[in-house]
Amino acid sequence: MNANLYTLLHERFAGKLNDTCVETPDGQRFSYADLERETARYAHVLSSELGIAKGERVAVQVEKSPQALFLYLACLR
């Protein structure tokens, strides 16, 4: 099996969309539905608005955050 992290998460959160996926030290919570929605939104921006095609590389320098995780997973989508 050669699945990436997004694919593995996606396969496991079906039926658990309201469960917490990410919780920050300050108590901010993101569900699997949030992860699905945000990664789809980020992936759309990357492909449709920025023109990044499958197989191209994306480099960013960001602080650790849920949004950085969403961006990483969007790249894998």
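All residue numbers refer to positions in the sequence shown, counting from 1. Note that the coordinates shown come from a computational prediction; the quantities given were computed from them, not determined experimentally.
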Q: Might you work through the side chain to side chain contact (heavy atoms under 4.5 Å, CB included) test for Cys21 and Tyr32, ending with a clear yes or no?
A: CA-CA 5 Å; Cys21 174; Tyr32 286 102; 3.6 Å; yes

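- The OG1 atom of Thr7 sits 10.5 Å away from atom CZ of Arg12, with the distance rounded to the nearest 0.5 Å.
- Cluster annotation: Leu5 is connected to Leu46 through the hydrophobic network of ILVMFWY side chains, with a link wherever side-chain heavy atoms come within less than 4.5 Å.
- Looking only at side-chain heavy atoms (C-beta outward), Phe13 and Leu35 come within less than 4.5 Å of each other.
- Under the 3.5 Å distance criterion, the side-chain polar atoms of Ser31 are matched with a main-chain donor or acceptor of Ala33.
- For residues 44-60, the side chain to side chain donor-acceptor pair (under 3.5 Å) pairs, not counting sequence neighbours, are His44-Ser48.
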Table please: side-chain donor-acceptor pairs of residues 59-77 below 3.5 Å, with sequence neighbours left out.
unit_1	atom_1	unit_2	atom_2	d
Ser65	OG	Gln67	N	3.3
Ser65	OG	Ala68	N	3.0
Arg77	NH1	Tyr6	OH	3.4
Arg77	NH1	Glu36	O	3.2
Arg77	NH1	Thr39	OG1	2.9

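- A search for salt bridge (charged side-chain N to carboxylate O under 4.0 Å, His left out) contacts involving Glu23 returns Arg29, not counting sequence neighbours.
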